[in-house]
Amino acid sequence: MKKVLIISLLLICQVFFVFANEPDSAYVFAYTSGKQNNTAGLHYAWSIDKQNWHTIGPEWRFLASDFGTWGSQKKMIDPFLFEDETGLKHCIWTLNNEVGQFAHAASDDLYNWKRQSYPEVTEEGNVLDLEVSFDGAGKKYLITWISEKQGQKKLFRTTTVDFKNYSETKETTKSDRLNLRSTIVLDGEQQSGVVVKVSWELIDEIIKHYEWSLFHNQERADNTSLDAERFKDLQTVKAAISFQPENSKRISDKLVGIFFEDINYAADGGLYAELVQNRGFEYALSDRKNSDSTWNSSKSWSIEGFGASFSIDTTEPVHINNKHFAVLKVEKTGSGLANEGFDGIPVKTGEKYNFSVFAKSVGDNKGRLLVQLIDENKNVIAQSKTGTINGKWKKYETVLEANAASEKAKIVVIPQTTGEVALDMISLFPQNTFKGRKNGLRADLAQTIADIHPKFVRFPGGCVAHGDGLANMYRWSRTVGPLEARVPQRNIWNYHQTAGLGYFEYFQFCEDINAEPVPVLAAGVPCQNSSTCGHGQQGGIPMCDMDEYIQEVLDLIEWANGDKNTKWGKVRADAGHPEPFHLKYIGIGNEDLITDIFEERFTMIFNAVKEKHPEITVIGTVGPFYMGTDYEEGWELATKLEVPMVDEHYYQPPGWFIHNQDFYDRYDRSKSKVYLGEYAAHLPGRPNNIETALSEALYMTSLERNGDVVEMTSYAPLLAKEGNTQWTPDLIYFNNNEVKPTVGYYVQKLFGQNAGETYIPGTIQLSDKRENISKRVAMSVVQDAESKDIIIKLVNLLPAEVNAGIDLSALNIAGSEAVLSVLEGSPDDKMAAPKVGSLQVSDQFNYQLPAYSFSVIRLKTIN
Ligand code: AHR
């Protein structure tokens, strides 16, 4: 929108500064430099005489290919630009040298491109040197190309009326070819492309779009390293602050929540309190795409002592979903099977641990299992025995109490007889889990999350939700029920997911922290960047399987909310939760590419849920950015279908957050509500520091102001285990023994703990009116419905103090003492934490906002 404003301004200026001699039409030359391994995308140059060419950019990317995985694909080779008789521009291009597909995209203006499609036109050979023309009489587009097969080049053709359906591919002759490609020297380099005649106005618009993009990127790059110079003379800024409660408005009561994704070992080895790694012997080479030969069924397991060995078997497993188990062969008693946990097993003195195992003896040996925890120096720090093992799979349980602590203990299972014993699902949990739940969560980590006071939890992803190909989509029903019957699988982030932390545990956690569950289910398409859907482009659940998939979505609602006598309600009740979970929201899709494949499946799922469960709020998706094709097309689709809410994602530099505080002020209130499901400020090196945290805080004040259209927000990602991170920055780092909240975490916590359902408008009048200054001082004021407290949040991203004269007279403040929380530090400070104290207040009082700070003033009111 801002873009539109700036362009409109530029256009208005043009009225006054119009060049006298502008031509009506000119030529645009469309080409690609082929640089960056053919990912440079579509570039333009213009000319009025086809002799003198002027590059725009130069080599600015006006269109990029979305096909395939990042890194190896996303190529655009030999683009061909064509304008049809309606004025619509089409671009088709070769995707690579192998596939029998090409790409098509259309645009009205040559810089806003609609969704891409990749029709498959041949099963044999590639698609090179494409051309397209329009047959007005037949109302058909004719597409021709050269295909290379076994060293032989042949010409082929197909026709289409809509770029969706194509006629059968046929071999053709040169007479169908246009040979419209030209070679032009641009900035000293020869480029091959297509010249198209367009209006001068259009070229002018493209140039302005390019100029706006530069300006926008400059704003994005704005950061505090410039502060010393640009603010060198800045003294204390004065601010007169007043409030207009008469203009108060209701805002969302669910604005701050969390997004939990199993990334960075957030689940197994993280929030999920299981201490044994690979307890089910289900790790597989494929979890890591065969890149790690140690990542197999034996991962994390070894023999402790002498005279024993173990192998992995799959005959007659405990459960078909849990095929692998260990067979431990003991020739000399005393030795056993050891597990090193996730970087060691942390053990605390005096704490109790629940051990369980499925076991059976393979011969006629019958005996008990001695279970020991041993520390780094091989001291036994806890031990206990199971009952006697017999020839049938059975679950055995015992409790170990630690008499000493260890940061890196091992667990050893020692059969008390010689012979062979089969073992599976070898598990150890601290009894002290969050809220003492069985199969529960790590208490310290869960408490740190709970302290944010999140109003909802989105789970299980992110990319984990839609998965790495069709087979890897997260299927909720495979993650409930007995642990041994759940379906473990490859985690898209290149490790293993036991599903021990499954839908039941997610829902229970939500209930335990009084947060709404927001499960996200794939929209029938996996991650477009996964490499497993035919050449790596977006695939979709085959139409013949969609009914079954839709039923699975509906089943989730029955599982969560149905009576305990319904099919799925009973599964929930059997797991120990006869009462419904009161599910209200379901996310469908995760920042998917908005393609025809997506639209068709999303629409089917959305309509089915709407019809059967109108009480459920479906949250749609509008791509991974705050603008661009997926954002535009996602919003268009959501508006068409009247999707109640859409999930927006953007990871951007602090400069973006500073310069886009008006992002939601311009949103149409009559359309879908917004769930800002993933966002974070990213600096080079990806730290989580005062600069990123304060730019997020600044932006969050605008989210509160727009809490009538923005329903929910969640920073991403939430958790990261030190030494096992695939993504930074994250909100909370941890290792086996410590939890390390970040500066960004404290911002979320201050907003979460100081939320309100009424927004009270306020005004800040600064003594220094420069835009650079005013964009760095922000405020939002809310009132909490329960306590009636009024909370003033003030952000100062300037290197100087702001001396605020605050006029409370319009608010019904009780008493003269407020609670003040202040987070401050230098921009690169990663360790800052809020200080909480009291503040003397009166109808008119002064408060000094420290340089680079976030202050929260919580005031009691007269009830
Ligand atoms: O938050 C990390 C990842 O970022 C999510 O999995 C995905 O949705 C986004 O690209």
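Numbering of residues begins at 1 and proceeds along the displayed sequence. Counting starts at 1 for both ligands and their atoms, in listed order.
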Does a donor on one side chain and an acceptor on the other come within less than 3.5 Å for Gln277 and Asp268? no

Counting each atom of ligand 1 from 1 as listed, which ones have a heavy atom of Cys463 under 4.0 Å away? 5 (C), 6 (O), 7 (C), 8 (O)

Could you tell me the residue and atom name of the protein heavy atom closest to atom 5 (C) of ligand 1, and the distance to it rounded to 0.1 Å? Glu261 OE1, 3.2 Å

Side chain or backbone, does Trp493 bring an N or O within less than 3.5 Å of an N or O on ligand 1? no

Parallel, tilted or perpendicular, as decided by the 30° and 60° cut-offs, for the rings of Phe606 and Phe602: parallel

Numbering as shown, the atoms of ligand 1 that approach Pro717 to under 4.0 Å (heavy-atom distance): 1 (O), 2 (C)

What I want to know is whether Trp727 and ligand 1 share at least one N or O pair that is separated by under 3.5 angstrom. no

Heavy atom under 4.0 Å from ligand 1: found in Val464's side chain, backbone, both, or neither? neither

For the 3.5 Å polar cut-off, considering only N or O atoms, please tell me whether Gly462 and ligand 1 meet it. no

Students often mix this up, so state it plainly: with edges at 30° and 60°, are the rings of Tyr650 and Phe657 parallel, tilted or perpendicular? tilted

Let me confirm one number: the CD-CG distance from Glu678 to Asp647, rounded to the nearest 0.5 Å. 6.5 Å

In terms of side-chain heavy atoms, does Ser714 have a donor or acceptor partner in Tyr675 at a distance below 3.5 Å? yes

Of Tyr679, Trp656, Trp727, which is the lone residue that meets ring-ring contact (aromatic ring centres under 6.0 Å, His included) with Tyr651? Trp727

Note the single closest protein heavy atom to atom 8 (O) of ligand 1, along with its residue, its atom name and the distance in Å. Glu678 OE2, 2.7 Å

Could you list which atoms of ligand 1 come closer than 4.0 Å to a heavy atom of Glu591? 7 (C), 8 (O), 9 (C), 10 (O)

Do me a favour and list the nearest non-hydrogen protein atom to atom 1 (O) of ligand 1 with residue, atom name and distance? Tyr651 OH, 2.7 Å

Taking the six-membered ring for Trp, is the centroid-to-centroid distance between Tyr585 and Phe456 below 6.0 Å? no

